[in-house]
Amino acid sequence: MHWKNLYRGLFIGISDLIPGVSGGTIAFLLGIYQQLLEAISGFFSKDWKKHIGFLLPLAIGAGGALLIFSRLIKYLLKNYHEPTQFFFLGLIIGILPFIAKQVNVKQNFKFIHFLVILVVGIALASLGFASTAETAPITKLTASNALSLFLAGWAGSMAMLLPGISGSFILLILGYYSTAITALSDLNLPIIIVIGAGVMIGFIVSSKVIRFLLERFQFMTFAVIIGLIIGSVFIIYPGLPEDGTYFMMCLLALFTGLVVASLFSSFEKKKI
């Protein structure tokens, strides 16, 4: 068992509670992104025992974070929205140098790759202006809403695995974020199970697709990933507060996020 994945899952789970913050980005920051794709896509293979040893602690940590921190994240986003967003901005910005070194951008990227980064970044950033379909949270599971909740979980999980795209943000656009966060806060098991089933199926399908793209089109796929991460910065940027004290809190949160990202990146670099 990879018991270190307990704390890694904790960070991934917390990030997936924040609209605009991708669990895939945090997996990249923690140095387990490609291992995660391999483990999920190979879950039903003959090597399933090895993959279970990697995924189970990760799932326990992520699931624990979703259950334990859902109310805390709701509180922070309601009462300290800007500082919370700036902390995650620091994490996201801090991971870019690590990815650039990992893929050796200076040597391997050509004009077309930088063009893809620009186009993808602009396309994702433009989603920040998209209107959401968010309505009152669904609290009772019925035959009519079960399929839509399942498909929303599927769509959200596909976004979770892509660095830069937040599963929570996709749920927000589709109108199911408040339903998911309320179900987690209130331990509404029927809603959690249906959305969770969609998440699991989406994980398996999208992990295979992303692995294929990384194997066949490595640098172009990394260009898309970098573009998604850059675009996500514009999605979660909350604007600068006018209050001086609050402004300093945001700067401190941003700096803390950058430091945390740098520490994790340095650790992974030494490990590699």
Side-chain angles (χ1 to χ4, degrees), residues 2 5 8-9 12-19 21-28 32-67 70 133 137-184 187-216 221 224-225 228:
H2 295 248
N5 281 356
R8 291 165 173 163
I12 291 173
I14 291 173
S15 71
D16 280 326
L17 288 170
I18 311 291
V21 182
S22 167
T25 303
I26 304 302
F28 241 120
I32 60 169
Y33 185 70
Q34 297 200 35
Q35 288 175 277
L36 177 63
L37 293 179
E38 180 183 354
I40 294 174
S41 63
F43 186 75
F44 294 107
S45 68
K46 62 180 180 180
D47 297 323
W48 64 272
K49 289 184 179 180
K50 179 183 73 172
H51 298 313
I52 282 286
F54 181 86
L55 288 173
L56 185 59
L58 200 68
I60 293 172
L66 292 175
L67 294 174
S70 57
I138 298 170
T139 57
K140 186 177 180 180
L141 186 67
T142 64
S144 61
N145 62 31
L147 179 60
S148 60
L149 289 171
F150 175 84
L151 293 176
W154 185 322
S157 70
M158 294 180 73
M160 288 177 202
L161 276 183
L162 281 171
I165 302 183
S166 163
S168 295
F169 183 69
I170 296 300
L171 290 178
L172 191 65
I173 291 176
L174 295 176
Y176 293 103
Y177 177 73
S178 62
T179 295
I181 199 76
T182 301
L184 288 169
L187 284 180
N188 189 330
L189 291 180
I191 301 289
I192 292 173
I193 289 171
V194 171
I195 295 178
V199 168
M200 291 303 298
I201 298 298
F203 272 156
I204 294 170
V205 173
S206 55
S207 64
K208 291 182 180 293
V209 173
I210 296 171
R211 277 194 73 198
F212 172 81
L213 293 174
L214 282 171
E215 290 173 0
R216 295 293 185 91
T221 304
V224 172
I225 288 172
L228 290 173

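One-based numbering along the sequence shown.
- For the atom pair CG of Leu67 and CG of Leu184, the computed distance is 6.0 Å after rounding to the nearest 0.5 Å.
- Remark: Thr139 engages no residue in a side chain to side chain donor-acceptor pair (under 3.5 Å) (not counting sequence neighbours).
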Check residues 152-160 and write down every donor-acceptor pair under 3.5 Å in which the side-chain atom is one partner and the other belongs to a residue at least two apart or another chain.
residue: Ser157; atom: OG; partner: Gly153; partner atom: O; Å: 3.4
residue: Ser157; atom: OG; partner: Trp154; partner atom: O; Å: 2.8
residue: Ser157; atom: OG; partner: Val199; partner atom: O; Å: 3.1
residue: Ser157; atom: OG; partner: Phe203; partner atom: N; Å: 3.4

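- For the atom pair CG of Leu36 and CZ of Phe54, the computed distance is 5.5 Å after rounding to the nearest 0.5 Å.
- Of all non-hydrogen atoms in Glu38 and His51, the two that sit nearest each other are O-CE1, 3.8 Å.
- Using a 4.5 Å heavy-atom cutoff, the side chains of Ile193 and Leu141 are not in contact.
- Of all heavy-atom pairs spanning Thr221 and Leu213, the tightest one is OG1-O, 3.0 Å.
- Remark: Leu151 CG to Tyr176 OH distance equals 8.5 Å, nearest 0.5 Å.
- The heavy-atom pair separating Ser148 from Ser144 by the smallest distance is OG-O, 4.4 Å.
- When all heavy atoms of Ala183 and Ile192 are compared, the pair lying nearest together is O-CD1, 3.4 Å.
- At least one side-chain heavy atom of Ile12 sits under 4.5 Å from a side-chain heavy atom of Leu58.
- Remark: side-chain polar atoms of Asn5 are not paired, donor with acceptor, to backbone N or O of Gly53 under 3.5 angstrom.
- Of all the heavy atoms in Ser15 and Gly23, the pair that sits closest is OG-CA, 3.4 Å.
- Residue pairs satisfying the salt bridge (Lys or Arg N to Asp or Glu O under 4.0 Å) criterion with at least one member in residues 194-213, sequence neighbours excluded, are listed as follows: Arg211-Glu215.
- In this structure, OG1 on Thr179 lies 7.0 Å from CD1 on Ile191, to the nearest 0.5 angstrom.
- With a 4.5 Å cut-off on side-chain heavy atoms, Ile210 and Tyr33 count as touching.
- Listed here is the closest heavy atom pair of Ala146 and Val194: O-CG1, 3.3 Å.
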